[in-house]
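Notes to accompany the following structure.
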Amino acid sequence: MNLEKSSEDQAFANEVRAFLDENLPEEKRYEYTSIEHSEKDVMLWWHEKLAAKGWLVPAWPSAFGGPGWTLGQRYIFQQECQKAGAPQISIFGPLMVGPVIYTFGSAAQKERFLPGIEKGTELWCQGYSEPGAGSDLASLKTRADRNGDAYIVNGQKIWTTQAHWADWIFCLVRTDWDVKAQEGISFLLIDMKTPGIEVRPIVSIDGLHHLNEVYFTDVRVPIENLVGEENKGWTYAKFLLEHERGGIANTAESRAKLDRLRQMASSQTSFSEPLIEDPSFANRLSDLEIRLAALEITEARALSAPGDSFDAVKLALPLKLLGTQLQQDIADLCVELVGYGATPSHYEAPKAAQSNQPSLFEAGPKLVQSQFFGRASTIYGGTSEIQKNIMTKIVLQV
């Protein structure tokens, strides 16, 4: 299979690079980690830039305001953004609930919610996990009881990323307790300003606040905010998870980090020689590069499938499983590279000689923070163990 870009794809890549060069100043680019992307003001600034170009919702068809890109173009766009150190967008609207709404939502829901997501003016969060209902999501206990023209929601969600910023939450709730667990779940869109909602921060091991607990106490949700049919929410949830898992592999970000790791190892010395010349370190770096290349080829095969389509479930599972483990291994080697430079210091760290790049003393703490942040990557979107179980079922059905 030819993995080289076609002339059309190369022209598209050039267009994306030109846009990034024009709209992404150096001070807004990130060198080491996606941690800084947790800055809300930077994220919203980048939302505005992309929305003005019509690129904030890259996976959306043109019929709903998206660019109508092929899978290959979306992949190239992601690669170029990662190479340039572009801020991340808030994925919950554009990549997760947006496709659910335009696929299963009512005409009124599409008219009400899609423009705000497309323009980046309304932020969303995901109300899935609960205490005791993470990977076993069907055991969720948050309930929605019908009361006239509304549902009354009571319960708790946890690990809710960006809930403290969000305008809306898409939420799985139990609407029937007398059927099989997966059959009694519904999918609601809930305004975060509704009385009875309380958001409590969770500061994770990386020292940042991006996670939250969300409590619902007699929260009144209009019946028109039910997506699709009552008790069919499990179907919509699985559809959404396919979109989420497919992006979690994040090969473009891993490629950017590995390139940066090799660059740092070529300048960092172990005794008198650059660390890249140490056989043990070089072997480990090469192993990561080989694994990433294999992952990129897997994506490329899917993207070049006839008709520009593929079975999202079968692709997303191995990419998520292998990609997240690779992310963690890259982060581990980055921290080993900087050594004692990873420890916090109380003096101003010097810049690298004859370079505008931060020194390893400056980079180290951020790399450790990124390592801590990435410990959850093999958990969110379904744990690695869950992915293996699902893959086994698929194989046995073949």
Side-chain angles (χ1 to χ4, degrees), residues 12-60 62 64-69 73-99 113-126 160-170 192 206 208-212 243-244 246-257 259-260 327 358 366 369-370 373-374 377 380:
F12 177 72
N14 293 339
E15 180 186 359
V16 175
R17 288 173 197 161
F19 169 80
L20 293 169
D21 289 342
E22 181 180 351
N23 291 276
L24 187 60
E26 196 64 36
E27 64 270 16
K28 291 290 199 301
R29 301 183 183 224
Y30 295 103
E31 187 66 33
Y32 298 105
T33 172
S34 59
I35 290 298
E36 293 107 324
H37 301 164
S38 296
E39 297 174 356
K40 182 181 179 181
D41 57 339
V42 175
M43 183 185 70
L44 291 177
W45 169 84
W46 190 233
H47 277 197
E48 184 177 357
K49 292 286 186 181
L50 291 175
K53 183 69 172 176
W55 287 0
L56 182 58
V57 288
W60 291 20
S62 55
F64 298 109
W69 287 343
Q73 287 174 313
R74 285 154 49 188
Y75 181 70
I76 290 169
F77 176 70
Q78 183 187 37
Q79 280 187 315
E80 295 300 330
C81 285
Q82 291 290 353
K83 289 177 186 177
Q88 289 184 342
I89 66 170
S90 178
I91 65 172
F92 302 104
L95 299 182
M96 298 173 75
V97 75
F113 295 111
L114 294 184
I117 298 173
E118 178 194 348
K119 295 180 175 62
T121 55
E122 287 186 327
L123 297 180
W124 289 76
C125 60
Q126 179 184 42
T160 313
T161 302
Q162 298 178 3
H164 54 308
W165 298 343
D167 302 293
W168 288 81
I169 182 171
F170 55 94
M192 290 292 286
D206 53 26
L208 298 176
H209 171 207
H210 44 87
L211 302 171
N212 303 271
H243 283 74
E244 179 184 11
I248 290 174
N250 232 342
T251 55
E253 181 175 348
S254 292
R255 172 57 63 192
K257 288 185 175 181
D259 290 345
R260 179 58 182 146
Q327 292 168 34
K366 288 185 178 180
Q369 193 176 51
S370 180
F373 178 83
S377 64
Y380 55 65

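Listed by chain and number, the residues in a side-chain hydrogen bond (donor to acceptor under 3.5 Å, both in side chains) with Glu80 are Arg17 (sequence neighbours excluded). For Ala84, the side-chain contact (heavy atoms from CB on, under 4.5 Å) criterion is met by Leu20, Leu24, Arg29, not counting sequence neighbours. Taking the side-chain contact (heavy atoms from CB on, under 4.5 Å) definition, one finds that Leu44 meets it with Lys40, His47, Leu123, sequence neighbours left out. Ser90 pairs by the side-chain hydrogen bond (donor to acceptor under 3.5 Å, both in side chains) definition with Gln162, not counting sequence neighbours. Listed by chain and number, the residues in a side-chain contact (heavy atoms from CB on, under 4.5 Å) with Ala163 are Cys125, Thr160, Met192, Val199, Asn212, Val214 (sequence neighbours excluded). Not counting sequence neighbours, the partners of Glu15 by the side-chain contact (heavy atoms from CB on, under 4.5 Å) test are Phe12, Lys53, Trp55.
Atom CZ in Arg255 sits 12.5 Å away from atom CD in Gln82 (nearest 0.5 Å). Atoms CD and OG1, on Gln78 and Thr251 in that order, are 6.0 Å from each other to the nearest 0.5 Å. Here the straight-line distance linking atom NZ of Lys28 with atom CD of Glu39 works out to 9.5 Å at 0.5 Å rounding. Leu95 contributes atom CG, which lies 8.5 Å from atom CZ of Arg74 (distance to the nearest 0.5 angstrom).
Residues Ser370 and Lys257 meet the side-chain proximity criterion, which asks for heavy atoms closer than 4.5 Å. By the 4.5 Å heavy-atom criterion applied to side chains, Leu56 and Lys119 are not counted as neighbours.
The shortest non-hydrogen separation linking Glu122 to Asp167 is CA-OD2, 3.3 Å. What you find for Val57 and Pro67 is that their closest heavy atoms are O-CD, 3.2 Å. Contact record, Pro87 with Trp45: CG-CZ3, 4.5 Å, taken as the closest heavy-atom pair. When all heavy atoms of Pro94 and Pro99 are compared, the pair lying nearest together is O-CD, 3.6 Å. Taking every heavy atom of both residues into account, Leu50 and Phe77 meet most closely at CD2-CZ, 3.9 Å.
The aromatic rings of Trp168 and Phe113 stand perpendicular to each other, their planes meeting at an angle above 60°, with 30° marking the opposite boundary.
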* Any chance you could lay out the side chain to side chain contact (heavy atoms under 4.5 Å, CB included) test for Met43 and Trp46, step after step, and finish with the verdict? => CA-CA 5 Å; Met43 183 185 70; Trp46 190 233; 6.0 Å; no

* **Gln126 vs Thr161, side chain to side chain contact (heavy atoms under 4.5 Å, CB included): CA-CA, chis, key distance, verdict** => CA-CA 7 Å; Gln126 179 184 42; Thr161 302; over 6 Å; no

* Asked: Going through the distances and angles, do Trp60 and Leu114 end up as a side chain to side chain contact (heavy atoms under 4.5 Å, CB included)?
  -> CA-CA 10 Å; Trp60 291 20; Leu114 294 184; 3.6 Å; yes

